[in-house]
Number of protein chains: 2
Amino acid sequence: MVSLAQIRGEDPSTLTAGCPSRTVIDHVMSKWGVLVLLSLAEGTRRWGELRREVEGISEKMLGSTLRTLTADGLVLRRSFPEVPPRVEYELTERGRELMSHLGPLVHWIVDHAHEMVGTTD
Amino acid sequence: MVSLAQIRGEDPSTLTAGCPSRTVIDHVMSKWGVLVLLSLAEGTRRWGELRREVEGISEKMLGSTLRTLTADGLVLRRSFPEVPPRVEYELTERGRELMSHLGPLVHWIVDHAHEMVGTTD
DNA sequence: CAGCATCCGGGATGATACTG
DNA sequence: CAGTATCATCCCGGATGCTG
C-alpha cells in the first residue's frame with residue numbers, strides 16, 4: 001500500500017498546497033485528460049477521431065486538454081503540411097509510461113463501478 | 001498498455017457520456033479525492049487529522065469528499081459516542097484495493113512532476 | 001479538416017458563522 | 001471536536017461563429 005507519507009519520502013512539502021505535483025495530478029486526472037490519454041493509448045489519433053472517440057467533449061476542451069498534455073510532455077503533436085491539413089497526436093515515451101499505471105486503475109474502476117452506489121453528490 | 005478499446009471490451013458504451021464509471025472516476029480522481037484517499041491509505045484518520053494533512057482543503061470540501069467516497073463504499077466512517085465526539089475514517093477493503101492501483105500512479109507522477117514543464121493552463 | 005476567440009451561465013469551491 | 005448552513009465568488013466548460 002502506497003501512502004501519503006511514503007510518497008512524500010524525504011520531502012514533506014510534496015503534495016502540499018502549491019506543489020507542482022498537484023498541478024500535474026490535476027492535468028492527468030482531469031475529467032477529460034483521462035479519457036484523451038486513454039484514447040491515445042490505443043494508438044495515434046487525429047483531431048476528429050479524438051472528438052468522436054471521447055464522447056461529449058467540446059472542441060474547446062479537447063484543444064485545451066491536448067495543449068496541456070502536450071506541454072506536460074505526455075502527448076506529441078505532429079502536423080503535416082498538406083491540404084486539407086492533417087494533425088496527429090500520440091503518446092510520448094513518458095506518456096506511455098504514465099499509461100502503464102493509469103490504464104490498470106481505470107480498468108479496475110470500470111470493473112467495479114456498478115457496485116458503487118454512491119452516485120449522489 | 002491498457003487502451004480505451006480494451007477497457008470497453010464487449011460493452012462499447014463503457015466510458016461514453018452518462019456511463020456510471022465516469023462518475024466514479026470523477027469522484028476518485030477529483031482534486032481532493034485523491035489526496036484524502038492517499039492520506040487514509042496510511043491508516044485510520046480523524047476529521048482534524050485529515051484537515052491538517054490534506055493541506056488547503058476547506059471544511060466544506062472535506063465533508064463533501066468524505067461523504068462521496070463513503071457513499072461509493074471506498075471509505076468507512078466510524079463515530080464513537082463520546083464527549084468530546086470522535087469520528088474515525090478508514091479505507092474499506094474496496095478502498096484498499098483501489099489504492100493498490102492509485103498509489104503507484106501518484107507515486108510515479110510525483111517522481112516525474114519536476115520534468116513536466118507545462119504548468120501553464 | 002483543424003482549430004481559436006468570445007461570451008456567459010451554473011456548478012464547484014472558499015470564507016465565515018453557527019450548532020451538537 | 002466534528003461537523004452543517006449560508007452566502008459570495010470563481011472559473012470550468014458549453015455554444016457559437018470565424019479562420020487558415
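Predicted, not measured: the structure shown is a model, and the values here were computed from it. These values consider heavy atoms only, across backbone and side chains, with no hydrogens, waters or symmetry-generated copies. First the proteins, then the strands, lettered A, B, ... as listed; each starts at 1.
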Q) Atom NZ of B:K31 and atom P of D:dC11: how far apart are they, to the nearest Å? A) 11 Å
Q: Determine: side-chain N/O of A:R46 to OP1/OP2 of C:dA2, distance under 4.0 Å, yes or no.
A: yes
Q: Using only side-chain N and O atoms of B:R77, determine if any of them is under 4.0 Å from OP1 or OP2 of D:dG3.
A: yes
(Q) Does B:F80 reach a base, just sugar-phosphate, or nothing at all? Heavy atoms under 4.0 Å. (A) nothing
(Q) Assigning hydrophobic clusters by single linkage (Ile, Leu, Val, Met, Phe, Trp, Tyr; side-chain heavy-atom cutoff under 4.5 Å), is B:L35 placed with B:W108? (A) yes
Q: Give the minimum heavy-atom separation between B:I109 and A:S21, together with the two atoms involved.
A: CG2-O, 4.4 Å
Q: Nearest-nucleotide wise, let me know which of A:P85 and A:I57 is further upstream toward the 5' end of DNA chain D.
A: A:I57
Q: Indicate whether OP1 or OP2 belonging to C:dC4 is found under 4.0 Å from a side-chain N or O atom of A:W47.
A: no
Q | Atom-to-atom span, CZ of A:R51 to C1' of C:dG3 - whole angstrom | A | 11 Å
(Q) Checking contacts here: which listed nucleotide (D:dT4, C:dT6, D:dT6) is nearest the side-chain heavy atoms of B:K60? (A) D:dT6
Q: Would you kindly give the OH-to-P distance between B:Y89 and D:dC1, to the nearest whole Å?
A: 15 Å
Q) Whole Å only: how far is the CZ atom of B:R52 from the C1' atom of D:dA2? A) 13 Å
Q.
Students often get this wrong, so: under 4.0 angstrom with heavy atoms, is B:G63 touching a base, only sugar-phosphate, or nothing?
A. nothing
Q.
Quick check for you: among D:dA15, C:dT13, C:dC4, whose closest atom lies nearest to any side-chain atom of B:M61?
A. C:dT13
Q.
One thing to verify: whether B:E93 and B:R96 come together as a salt bridge, which I'm taking to mean a side-chain N less than 4.0 angstrom from a carboxylate O.
A. yes
Q) Can you tell which of D:dG13, C:dC1, C:dG14 lies closest to the side chain of A:P84? A) C:dC1
Q.
In whole Å, I'd like the distance from the CG atom of B:L66 to the P atom of C:dT13.
A. 14 Å
Q: Let me know the distance between CD of B:E59 and P of C:dC18, rounded to the nearest Å.
A: 14 Å
Q) Given side chains that start at C-beta, do those of B:R8 and B:T16 come closer than 4.5 Å, heavy atoms only? A) yes
Q: Indicate whether OP1 or OP2 belonging to D:dC1 is found under 4.0 Å from a side-chain N or O atom of B:R45.
A: no
Q. Applying the side-chain contact (heavy atoms from CB on, under 4.5 Å) test to B:V106, which of A:V2, A:L105, A:L4, A:L15 qualifies?
A. A:L15
Q: Measure from CD on A:E49 to P on C:dG3 and round the result to the nearest Å.
A: 12 Å
**Q.** Between P of C:dT13 and CZ of B:R67, the distance in whole Å
**A.** 13 Å
